[in-house]
Amino acid sequence: MHFKMEQAAVIMLLCLPFAACSAAGPLHAQCKVEWNFGVPCWNVYVALVSQIKLWSTADNCQQGGEKCLYTMESANIHSITAKHTTLSDKRVEDIILKLIPFHDNQSCHVSGFSVSETWYLVLDSGTNYCNLHNLVEGSGLDKAPGYAESTNDFKCTQFSAANCTIY
């Protein structure tokens, strides 16, 4: 009997991540967001790189939230890679932003991706979404002409529950 209970416990632990995400969503804490901006990619690039650099210290989070502790890894007009460290528990997420010009270089499409480095993290309260959203909002790009955002709970862990004033 004891052996069967141990087997059942192991099976439940192995299945728990799948049950938690069976309705929709990734099996690891991550987020993919697509944006369109009615401004050239150069403007988007400069705004995002500037925002990452502006929020590199913990200073901006003294009043709460996670709009801080971003680190630039590499950047060029086509791709930006960065990291975000959560203030509360020092978890690290990797961020990749791909910039693609369209409409004769007058508009820019950005694919954003954030993923937690913590391998076992399944749920993140929308942290990976907020990593991306906060950069766009902080840089003012959410006010750019032609701004549009596309994601959902299937592409983005706990997107519909995200509270970016906290995360």
Side-chain angles (χ1 to χ4, degrees), residues 9-35 37 44-76 78-100 108-142 147-167:
V10 169
I11 291 169
M12 283 180 57
L13 285 174
L14 291 173
C15 293
L16 182 60
F18 298 100
C21 296
S22 64
L27 297 178
H28 180 74
Q30 62 186 7
C31 183
K32 182 173 171 119
V33 181
E34 304 289 331
W35 293 283
F37 304 101
V44 174
Y45 167 77
V46 169
L48 290 171
V49 167
S50 297
Q51 195 61 49
I52 291 167
K53 289 179 179 179
L54 182 65
W55 285 351
S56 64
T57 67
D59 295 343
N60 199 54
C61 290
Q62 291 178 357
Q63 305 302 318
E66 293 283 343
K67 298 174 183 174
C68 60
L69 300 178
Y70 284 84
T71 305
M72 182 70 64
E73 296 287 302
S74 67
N76 63 53
H78 304 290
S79 179
I80 300 168
T81 58
K83 291 188 182 285
H84 177 256
T85 303
T86 59
L87 187 63
S88 58
D89 57 8
K90 306 299 183 211
R91 279 192 337 260
V92 177
E93 293 101 17
D94 298 320
I95 297 170
I96 301 169
L97 302 163
K98 299 285 185 187
L99 292 75
I100 303 164
C108 190
H109 175 82
V110 177
S111 291
F113 183 70
S114 178
V115 61
S116 295
E117 286 186 359
T118 306
W119 67 269
Y120 56 83
L121 192 62
V122 177
L123 303 177
D124 70 350
S125 301
T127 299
N128 281 288
Y129 169 73
C130 292
N131 290 342
L132 301 167
H133 171 81
N134 288 340
L135 286 174
V136 168
E137 185 181 71
S139 67
L141 287 168
D142 61 328
Y147 167 77
E149 177 183 274
S150 175
T151 194
N152 57 45
D153 283 318
F154 185 72
K155 296 177 185 177
C156 197
T157 307
Q158 295 188 294
F159 162 69
S160 60
N163 180 347
C164 295
T165 60
I166 297 171
Y167 303 107

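Each residue takes its place number in the sequence, starting with 1. Small disclaimer: the values here were computed from a predicted structure and weren't measured.
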Shortest non-hydrogen separation from [X] to [Y] and the atoms involved:
X	Y	result
Y120	H28	N-CE1, 4.4 Å
S50	V46	OG-O, 2.8 Å
G138	Q51	O-OE1, 3.0 Å
C61	L87	CB-CD2, 3.6 Å
L97	L99	O-CD1, 3.7 Å
A58	C68	CA-CB, 3.9 Å

Is Q30 reaching over with its side chain to a backbone N or O of V115, donor-acceptor style, under 3.5 angstrom?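 Flag not set: sc Q30 to bb V115 has no pair under 3.5 Å.
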Any donor-acceptor N/O pair, T157 side chain to L123 backbone, under 3.5 Å: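 Looks like no, no N/O pair under 3.5 Å.
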With E73 via salt bridge (Lys or Arg N to Asp or Glu O under 4.0 Å) - residues at least two apart: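 E73 satisfies salt bridge (Lys or Arg N to Asp or Glu O under 4.0 Å) with no other residue.
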Can you list the residues that meet the side-chain hydrogen bond (donor to acceptor under 3.5 Å, both in side chains) rule with [X], with sequence neighbours excluded?
X	answer
K83	D94, E117
T81	S74
T85	none
T86	D89

Students often mix this up, so state it plainly: with edges at 30° and 60°, are the rings of W55 and Y70 parallel, tilted or perpendicular?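 W55 and Y70: tilted rings.
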Considering the options T71, N131, T127, which one meets the side-chain hydrogen bond (donor to acceptor under 3.5 Å, both in side chains) requirement together with H84?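 Of the listed options, the one satisfying the test is N131.
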F113: ring-ring contact (aromatic ring centres under 6.0 Å, His included) partners, not counting sequence neighbours: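 In terms of ring-ring contact (aromatic ring centres under 6.0 Å, His included), with neighbours along the sequence ignored, F113 is linked to no residue.
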